[in-house]
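Counting starts at 1 for both ligands and their atoms, in listed order. All values derive from a computational prediction rather than experimental measurement.
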Amino acid sequence: MLPAALDTRRHQPAATHRIGRGRRRPARARRQAHQHRGAMTRFVVVTGTDTGVGKTVVTAALAVALAARGLEVAAVKPVQTGVGPDEPGDADEVVRLTGSSAVHELARLRDPLAPETAARLQGVPLPLIAEVAQQIRGLDADVVLVEGAGGLLVRLDLDGGTVIDLARALDAEVVVVAREGLGTLNHAGLTVDRLGSEGLTPRLVLGSCAAEPGLAELNNRSDLPRLTGLPIDGLIPAGAGSLERTEFCGQAPSWFTALPGVV
Ligand SMILES: Nc1ncnc2c1ncn2[C@@H]1O[C@H](COP(=O)(O)OP(=O)(O)OP(=O)(O)O)[C@@H](O)[C@H]1O
Ligand SMILES: C[C@H](N)[C@H](N)CCCCCC(=O)O
Ligand SMILES: [Mg+2]
């Protein structure tokens with residue numbers, strides 16, 4: 001858990017239990033486990049080909065699927081934009097879907113814009129990517145999921161830092177959430193190519209898959225792996241974001257054929 005002073009969310013998540021887990025291990029056992037895993041913590045950055053592609057829902061689904069493997073999972077939204085002080089943001093959505101209390105939002109800005117733009121308009125600073133990475137490294141978990149804002153090149157600080165810089169600072173795996181419909185071949189291709197040129201090898205997940213896919217959706221499921229060189233590791237069914245927690249936690253592990261953050 002982040003020390004309270006670092007967890008700048010204005011309101012605590014609803015009273016919740018761990019992701020799909022029963023009682024938390026006693027504090028001494030958790031400290032011993034954390035000391036043991038120390039550098040063993042693995043980081044997964046969840047980015048997307050765009051805003052609104054399903055990064056938050058995928059973050060929640062990954063948290064459930066990893067916890068189902070017996071892993072302690074934490075989730076972080078470094079910068080939330082477009083919500084007021086007492087409105088639910090992405091971190092709250094992850095809490096609602098998973099029941100986890102290990103979910104953190106580090107900064108919140110009023111305008112529904114890119115974090116850099118929203119911060120400039122609000123006249124407030126943003127922590128630099130290096131500072132964000134340091135805070136995230138302080139988390140006590142086997143796997144830490146980090147959701148970006150918008151797509152890959154959206155600036156998360158006032159120094160030009162993006163989720164690419166954060167992934168590099170955390171030596172993180174990168175999950176790219178893509179749409180399944182027409183247009184995704186270009187968006188996913190651009191995103192994957194840019195990550196490759198940065199020396200990062202992403203995984204692909206489709207954020208919202210129709211129960212009855214049309215011509216483009218069907219062909220994209222084979223064209224995306226063929227053109228990006230990446231398998232599709234997860235298909236999140238359309239409507240997943242509207243499921244009740246019990247259904248979401250029961251179904252989420254089945255949506256993935258491979259998981260990041262697992263050695
Ligand atoms: N599988 C899904 N089925 C139905 N609705 C979904 C699904 N995934 C996402 N949505 C809905 O689409 C909207 C955008 O999804 P989400 O918030 O996950 O996108 P995002 O990529 O996280 O956006 P942002 O860049 O703002 O963080 C939300 O209202 C969410 O509930
Ligand atoms: C406000 C919304 N919820 C997103 N988190 C912010 C998306 C910024 C997208 C910027 C852009 O690509 O033009
Ligand atoms: Mg989101």
Asks: Quick one, list the residues around ligand 2 where some non-hydrogen atom comes in under 4.0 Å, by chain and residue number.
Replies: Thr51, Thr81, Pro112, Leu113, Ala114, Gly150, Val154
Asks: Are Thr162 and Leu166 side-chain neighbours, meaning at least one heavy-atom pair lies under 4.5 Å?
Replies: no
Asks: Does CG belonging to Leu182 count more than 12 external heavy atoms closer than 6.0 Å?
Replies: no
Asks: With the threshold set at 4.0 Å, does a side-chain nitrogen-carboxylate oxygen contact exist between Asp92 and Arg108?
Replies: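 Yes, Asp92 and Arg108 are salt-bridged.
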Asks: Check whether any side-chain heavy atom of Val73 lies under 4.5 Å from a side-chain heavy atom of Asp142, and answer yes or no.
Replies: no
Asks: State, with a plain yes or no, whether a side-chain heavy atom of Val205 is found less than 4.5 Å away from one of Val176.
Replies: no
Asks: Listing request: all side-chain hydrogen bond (donor to acceptor under 3.5 Å, both in side chains) pairs with a residue in residues 44-58, at least two apart in sequence or in separate chains.
Replies: Asp50-Arg179, Thr56-Asp90, Thr56-Glu147
Asks: Between Thr191 and His187, is there a donor-acceptor pair closer than 3.5 Å when you use the side chain of the first and the backbone of the second?
Replies: yes
Asks: Quick check: do Pro225 and Ile232 have side-chain heavy atoms less than 4.5 Å from each other?
Replies: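 Side-chain contact under 4.5 Å: yes.
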Asks: Rounded to the nearest 0.5 Å, what separation is found between the OG atom of Ser208 and the CD1 atom of Ile236?
Replies: 9.0 Å
Asks: What do the steps show when you test Val144 against Ile136 for side-chain contact (heavy atoms from CB on, under 4.5 Å), and what is the final call?
Replies: CA-CA 8 Å; Val144 180; Ile136 291 171; 3.8 Å; yes
Asks: What does the list of residues with a heavy atom under 4.0 Å from ligand 1 look like, ordered by chain and number?
Replies: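 Shell around ligand 1 (4.0 Å, heavy atoms): Thr51, Gly52, Val53, Gly54, Lys55, Thr56, Val57, Lys77, Asp90, Glu147, Gly150, Gly207, Ser208, Ile236, Pro237, Ala238, Gly239, Ala240, Gly241.
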Asks: Working to the nearest 0.5 angstrom, can you tell me the gap between Arg42 CZ and Leu71 CG?
Replies: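 Those atoms lie 6.0 Å apart.
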Asks: Under 3.5 Å, is there a donor-acceptor pair between the side chain of Thr81 and the main chain of Pro115?
Replies: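 No.
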Asks: Among the protein atoms near the Mg ion (ligand 3), how many are N, O or S and lie under 2.8 Å away?
Replies: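 Counting protein N, O and S atoms closer than 2.8 Å to the Mg ion (ligand 3) gives 3.
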Asks: How about Glu247: does its CD atom have over 12 heavy atoms from other parts shown lying under 6.0 Å from it?
Replies: yes
